[in-house]
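Here is the naming used below: chain letters follow the sequence lines, and residue numbers restart at 1 for every chain.
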Number of protein chains: 2
Amino acid sequence: MVAVETTWAHRLREAGLRVTRPRLSVLGVLADRPHADAGTIVTVARELHPSLSPQAVYGVLEAFVAAGIARRIEPAGAPALFELRVGDNHHHLVCRSCGAVADVDCVLGAAPCLAPSDPAGFVIDEAEVVFWGSCQACQNRDRQVAAAADPVQLEEHGTRGGAGA
Amino acid sequence: MVAVETTWAHRLREAGLRVTRPRLSVLGVLADRPHADAGTIVTVARELHPSLSPQAVYGVLEAFVAAGIARRIEPAGAPALFELRVGDNHHHLVCRSCGAVADVDCVLGAAPCLAPSDPAGFVIDEAEVVFWGSCQACQNRDRQVAAAADPVQLEEHGTRGGAGA
DNA sequence: CCCTTTTCTTGACTGACTCAAGAAAAGGGC
DNA sequence: GCCCTTTTCTTGAGTCAGTCAAGAAAAGGG
C-alpha cells in the first residue's frame, strides 16, 4: 500500500510534477481502470478523496498528458479516455455497442507505424489506429437475444440478455 | 446547374430519401467542401437557403449517414466532419495546428484493412486510421515564424507568419 | 388535389469541457 | 519546524456541439 503510493509519488517527481492528493488519487484510479473517462475518475477517486472537484481532475489529467505519464484517447462519440500506458505506440479496439476499450500492440513497431503513399504535403508524426467491432460480452449478449427471439436454435439454455453498460 | 441538382435529387431517391431543399443544400455544400462540420454547413447553406435551421442540418446529416451517402469522421478535439466519399475505406490526414483534413487512399485495400494479431475476443468490422501531422501551409507558416525569430537563416525574405485559422 | 408520412422549424435542454478568481497546499530556504 | 513563493485545487460561471420534443410545413403516392 505505502509502497504503491511511494511509487506513484516517485513517478510524479520524475515527471517534474508536485505530489498532491488529487494526482495520487487519479493515478490510483487509472491503475485500476486503464481506460477511464474524466467522469468515472471523479466518481471513483471521490471514494477516497470526497472533496475532489471535476475541474481538478481535468487539470490533473492535462498535466499528466503534458508530462507524458498519461495518454488521452478520444473514440468517436464518446468522452475522452485516459490511460497510463504510454510510449509504446499501441492501438485500441473499441466496442460499438458498449464502448469497451482494449489495447492492441502495434503490429508494426515504432510511431508512426504506418505511412500513406501520398501524404499530400503533410509531415506525419503519428498514425492512430482504432479497430471498431463488437466485444466478447456484447457478442454473447446479442447471441442470447437472438436465441430468445428465435428459440428453435438454442432453446435449451433459455438465457436472457442483460444490458451491458 | 439544373443538371447538378437533378443529379443530387437522383442520388437522394436512389438512397430512398425524399428530395428536399435542405438536403439538396447540404449536398451542395459537401460537394464544395469535402470535410465540413455541421456549423460550417449551416453557415454556407444559408447563403442559398436562409431559413435553414441547425437541427435540420443535424437531421439531414444523420439521414445521409444512415443511408450510406455520407460518412462521419470525428478527429479528436474537433467537431464531427462529414464527407460524401463513401465505400472506399479511405483514411485521413489531420493537421494538428489548423485542423485541415486530407484524404489518403487505403494502403491495404478492403475494410478492415488491418487486423491486430490478438483481437482480445473482438469481432472487428473496421480499422479507422488517422495520420496526425502538419499540413503544407502550417509547415510554411512555422518556417516563416522561425525565420523571423532567427533572421540569420533566411533573412533575405523578411516574411511574416500569418495566423492560419 | 387530398391525405398520409416524412421532414423541418422552433425552442428548451444535456453533457463534456473550459475559463477565471481566490483559497489551499507543496516544497525549497532558513 | 516555519515562512514564503509558486503551483495546484475549489468554487462557480460559461461555452460549444449536439440532442430531445412538439407542432408546422412540405413531399409524393393515390
Can you work out whether A:His49 or B:Ala78 has the more 5'-proximal nearest nucleotide on DNA chain D?
A:His49

Earlier contact from the 5' end, DNA chain D, for B:Leu81 and B:Leu17:
B:Leu81

Euclidean distance, B:His91 NE2 relative to B:Phe131 CZ, rounded to 0.5 Å
6.5 Å

Pairing residues for B:Asn140 by the side chain to side chain donor-acceptor pair (under 3.5 Å) criterion, not counting sequence neighbours:
B:Arg143

SB check A:Arg33 A:Glu83 (cutoff 4.0 Å)
no

Do A:Arg72 and A:Asp37 sit within salt-bridge range, that is, some charged N less than 4.0 Å from a carboxylate O?
no

Indicate, with a heavy-atom threshold strictly under 4.0 Å, whether B:Ala63 touches base, sugar-phosphate, or nothing.
nothing

Between B:Asp105 and B:His90, does a side-chain hydrogen bond (donor to acceptor under 3.5 Å, both in side chains) hold up when you go through it step by step?
CA-CA 5 Å; B:Asp105 291 326; B:His90 70 278; over 6 Å; no

Interatomic distance where [atom1] belongs to [X] and [atom2] belongs to [N] [whole Å]:
{"X": "B:Glu62", "N": "D:dA17", "atom1": "CD", "atom2": "P", "value": "18 Å"}
{"X": "A:Leu24", "N": "C:dA25", "atom1": "CG", "atom2": "P", "value": "15 Å"}
{"X": "B:Arg21", "N": "D:dA26", "atom1": "CZ", "atom2": "P", "value": "10 Å"}
{"X": "A:Ile41", "N": "C:dC17", "atom1": "CD1", "atom2": "P", "value": "10 Å"}
{"X": "B:Arg13", "N": "D:dG28", "atom1": "CZ", "atom2": "C1'", "value": "9 Å"}
{"X": "A:Glu74", "N": "C:dG15", "atom1": "CD", "atom2": "C1'", "value": "14 Å"}
{"X": "B:Arg46", "N": "C:dT9", "atom1": "CZ", "atom2": "C1'", "value": "11 Å"}
{"X": "B:Phe64", "N": "C:dT6", "atom1": "CZ", "atom2": "C1'", "value": "14 Å"}

What heavy-atom pair brings A:Asn89 and A:Ala127 nearest, and what distance separates the two atoms?
OD1-O, 4.4 Å

Side chain of [X]: nearest nucleotide among [options]?
{"X": "A:Arg18", "options": "D:dT8, D:dT10, C:dC8", "answer": "D:dT8"}
{"X": "B:Ala38", "options": "D:dG18, C:dT7, C:dA12", "answer": "D:dG18"}
{"X": "B:Thr20", "options": "C:dG27, C:dC8, D:dT10", "answer": "C:dC8"}
{"X": "B:Val60", "options": "C:dC8, C:dA25, D:dC9", "answer": "C:dC8"}
{"X": "A:Tyr58", "options": "D:dT8, C:dC8, C:dT18", "answer": "C:dT18"}
{"X": "B:Gln55", "options": "C:dT10, C:dG27, D:dT10", "answer": "C:dT10"}

Can you find a side chain N or O atom of B:Ser51 that sits less than 4.0 Å from OP1 or OP2 on C:dC8?
no

Side chains of B:Gln136 and A:Phe122: closer than 4.5 Å at any heavy-atom pair?
no

Are any non-hydrogen side-chain atoms of A:Arg96 and B:Asp125 less than 4.5 angstrom apart?
yes

Does the base of C:dT7 carry an N or O that pairs as donor and acceptor with the side chain of B:Arg23 under 3.5 Å?
no

What stems, by residue range, does DNA chain D take part in, given at least 3 consecutive Watson-Crick or G-U pairs under 3.5 Å?
C:1-30 with D:1-30

